[in-house]
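Reading through the structure tokens given below for one structure.
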Amino acid sequence: MSLQATVSKQVQKAVHELYQANLETVEFQATRKEFAGDITIVVFPMLRVIKGNPVQIGEAIGSYLVDNVKDVKAFNVVKGFLNIEIEDSYYIAFFNAVKDNSTFGFVLPSVEGKSVMVEYSSPNTNKPLHLGHVRNNLLGYSVSEIIKASGKKVYKTQIINDRGIHICKSMLAWKRYGNNETPESTGLKGDKLVGNYYVKFDQEYKKEIEALKAEGKTEDKAKKEAPILIEAQQMLLAWEAGDEETVTLWKTMNQWVYKGFDVTYKNLGVDFDCLYYESETYLLGKEFVDQGLKTGVFFKKEDGSVWCDLTEDGLDEKIVLRSDGTAVYMTQDIGTAIQRIKDYPDVGGMVYTVGNEQDYHFSVLFLILKKLGFDWAKNLFHLSYGMVDLPSGKMKSREGTVVDADDLVAEMATTAGEISEELGKLDGYSQDEKNELFSTIGLGALKYYILKVDPKKRILFDPKESIDFQGNTGPFIQYTYARIQSILRKANLEAEGLVTDFAYELHDKEKALLKQLQVFPEVIQNAATQHSPALLANYTYDLVKDFNSFYQNVPIVLGNDDPQSQVFRVQLSNMVAQTIKNAFGLLGINVPERM
RNA sequence: GGGCUCGUAGCUCAGUUGGAUAGAGCACCUCCCUUCUAAGGAGGCGGUCACAGGUUCGAAUCCUGUCGGGCUCACCA
């Protein structure tokens with residue numbers, strides 16, 4: 001039983017014995033650092049069942065706890081707050097129990113438990129990934145790892161948006177202006193090459209609009225009648241009709257893009273367990289729409305279009321099938337969700353990592369799936385994250401105002417390299433080793449910068465103000481890890497032996513670390529249920545701050561005459577490093593041995 | 001206009017189911033490398049928690065309204 005549970009029970013017993021009252025719950029909080037104590041019980045809520053002075057009640061319960069709970073050493077009462085001091089032996093026992101557990105805080109997946117499928121990335125195949133996708137990828141990957149660590153099996157997946165007018169635009173522009181360029185002939189990454197033609201299309205499209213306007217057409221009309229757009233729409237029809245030439249070009253260009261994406265995913269360090277393609281699933285939803293029509297979940301309008309009436313749920317009517325019988329986004333999402341559960345029957349819930357601009361879409365999707373009678377529909381979660389905006393506003397691929405994912409990753413590594421070379425601590429490293437290190441640090445800075453912010457909040461990213469490497473940053477935490485590795489190399493102790501056999505008095509800095517380590521398992525669980533890597537990022541930062549304070553105020557090996565204290569502090573440092581590594585692993589961030 | 005969401009130090013962000021004097025980092029100002037990595041540590045400056053009411057022992061947190069940003073309400077995705 002945890003200490004908090006024990007104390008909680010004893011407080012209830014005390015209240016019962018002293019006041020003949022029943023207390024449902026006991027409210028705890030961390031003791032503020034200006035007061036003596038380790039945990040604090042808030043007395044105020046007890047006043048609902050006990051009449052009296054909160055200070056006197058606190059005193060009474062405090063002395064009861066000292067008498068009845070072995071690990072409670074002392075107490076003090078400030079206003080309505082009962083601060084309790086815990087015996088050092090309690091923390092030392094905790095440490096000895098976990099110090100050799102390299103996966104402390106992680107829960108192994110249970111065999112019979114339901115798995116979770118996490119969808120993320122899900123890009124369009126007409127342009128390279130940009131900073132917005134980077135946030136999506138980092139979040140999706142990290143949340144997957146966190147859910148795994150919390151004790152569930154996870155499948156990472158995506159729905160690749162490989163069909164539609166957007167890819168036809170790139171195809172058409174390539175056909176018209178491409179001169180048979182290929183990634184091989186140009187040396188460009190495939191996604192970049194295709195993206196260039198997407199931009200090219202837009203430029204030509206705009207020219208044609210201007211030309212039509214000069215002929216006296218209205219803007220709206222010009223936008224609809226531009227020949228290049230009409231040609232792109234015809235191409236889409238040809239694709240849907242299975243026209244061989246169009247399909248071949250589509251396959252070729254998509255393959256270029258996938259190859260490019262693979263490189264970007266590798267650069268970012270993210271991966272997937274299974275993939276779904278829109279071109280293969282966009283028809284899937286139709287049969288379920290038919291079913292829903294029969295069961296009355298949907299209804300047909302006169303023109304033949306099919307809708308779902310959600311007005312009773314406070315939403316609108318939503319179309320699920322066009323009058324010409326073709327699928328819309330919603331149709332496909334219904335089909336894909338059902339297909340995924342068919343493919344992976346052990347999946348009991350899904351997480352969709354998609355920007356908050358689609359909040360409405362997902363509340364509708366989940367509601368429809370519930371109405372269709374799928375019991376897993378209650379376990380669907382839209383991991384809705386805020387947009388990444390630039391100082392100039394929203395990123396727009398067509399206008400070239402995007403921060404490219406590959407460029408950003410490369411720039412971060414370059415900056416990391418400049419700082420590292422300036423500090424000059426890498427004697428003996430080969431160029432390859434250095435490059436790997438710079439990549440680790442650069443990615444660490446980028447990933448931490450993005451993941452430390454609550455997913456729900458939007459991020460303002462200023463490319464001119466480069467991401468920091470000092471303070472509350474990834475490199476700061478990596479640095480602390482490297483520092484500890486340096487100590488461990490030099491300490492060269494057989495880090496055996498326990499410290500239970502002597503009355504060790506904990507230093508405040510040691511105790512702070514032990515307390516912080518102790519809550520790690522809980523943080524993982526919270527981060528999983530709240531789908532928030534930010535909780536882990538903030539936890540790790542607090543741990544590292546505590547360690548640095550310990551490091552610079554307490555002698556670990558050098559200047560430490562007490563051999564047992566040396567052993568303990570080295571082991572404690574090791575445990576902190578281990579936890580940093582594991583926590584950062586859940587964020588998808590690596591840690592270096594030196595930096 | 002309807003719905004959703006956000007507003008905390010100059011800037012970027014924390015702040016568990018309501019709890020003590022609202023916390024960090026950056027920036028600015030002092031100190032600390034002949035002890036283990038100074039990408040660090042110790043301290044200072046900086047707040048009407050957008051505003052106004054309400055709920056209660058207690059509100060940054062819950063409710064209502066106002067102001068200000070964002071998203072959304074398509075036979076687009």
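Values reported hereafter were calculated over all heavy atoms of this structure, with side chains retained and with hydrogens, waters and symmetry mates removed. Letters go in sequence order (proteins before strands), and every chain restarts at 1.
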Query raised in the report: Is the phosphate of A14(B), meaning OP1 or OP2, less than 4.0 Å from a side-chain N or O of Y539(A)?
Result: no
Query raised in the report: Between A24(B), G19(B), A39(B), which nucleotide gets closest to the side-chain atoms of K545(A)?
Result: A24(B)
Query - Whether over 12 other heavy atoms sit under 6.0 Å from K301(A) NZ - result: yes
Report task. Write down the distance separating the P atoms in U61(B) and A50(B), rounded off to the nearest Å. Result -> 8 Å
Requested in this report: Using the P atom on both, measure C32(B) against G69(B) and round to a whole Å.
Outcome: 49 Å
Query raised in the report: With no angle test and no hydrogens, is the base of G19(B) tied to the side chain of Q29(A) by a donor-acceptor pair under 3.5 Å?
Result: no
**Report entry** Aromatic-base stack, F476(A) on A39(B), cutoff 5.5 Å, angle under 30
**Finding:** no
Query raised in the report: Quick one: is G69(B) close enough that its OP1 or OP2 comes under 4.0 Å of any side-chain N or O from R458(A)?
Result: no
Query raised in the report: Ignoring hydrogens and angles, does a donor from either the side chain of N83(A) or the base of A20(B) sit under 3.5 Å from an acceptor on the other?
Result: yes
Query raised in the report: Given A39(B), is OP1 or OP2 found less than 4.0 Å from the side-chain N or O atoms of R483(A)?
Result: no
Requested in this report: Would you please say whether a donor-acceptor pair under 3.5 Å links the side chains of Y385(A) and N356(A)?
Outcome: no
Query raised in the report: Would the Y329(A) and H361(A) ring centres measure less than 6.0 Å apart?
Result: yes
Report task. Give a yes/no answer on whether the side chain of T480(A) brings an N or O atom under 4.0 Å of OP1 or OP2 in A39(B). Result -> no
Report summary line: Across every strand shown, the nucleotide meeting Watson-Crick or G-U wobble geometry with C4(B) (both distances under 3.5 Å) is G70(B)
Report task. Check the side chains of S565(A) and N560(A) for a donor-acceptor pair under 3.5 angstrom, ignoring hydrogens and angles. Result -> yes
**Report entry** Proximal nucleotide (of U37(B), A39(B), A77(B)) relative to the R322(A) side chain
**Finding:** A77(B)
**Report entry** Interatomic distance at C1', C49(B) relative to A22(B), whole Å
**Finding:** 8 Å
Report summary line: Per the O4'-C1'-N9-C4 / O4'-C1'-N1-C2 angle with a 90° window around 0, C45(B) comes out anti
Requested in this report: Give a yes/no answer on whether the side chain of K79(A) brings an N or O atom under 4.0 Å of OP1 or OP2 in U21(B).
Outcome: yes
Report summary line: On RNA chain B, more 5' by nearest nucleotide between P555(A) and F35(A) is F35(A)
Query - Partner nucleotide, any strand, of C33(B) [Watson-Crick/G-U, under 3.5 Å] - result: none
Requested in this report: Kindly point out which of A38(B), A20(B), A39(B) is positioned nearest to the side chain of P475(A)?
Outcome: A39(B)
Report task. Kindly say whether the aromatic ring centers of F469(A) and F476(A) come within a distance under 6.0 Å. Result -> no
Query raised in the report: Considering only A42(B), C73(B), G23(B), which nucleotide approaches the side chain of K509(A) most closely?
Result: A42(B)
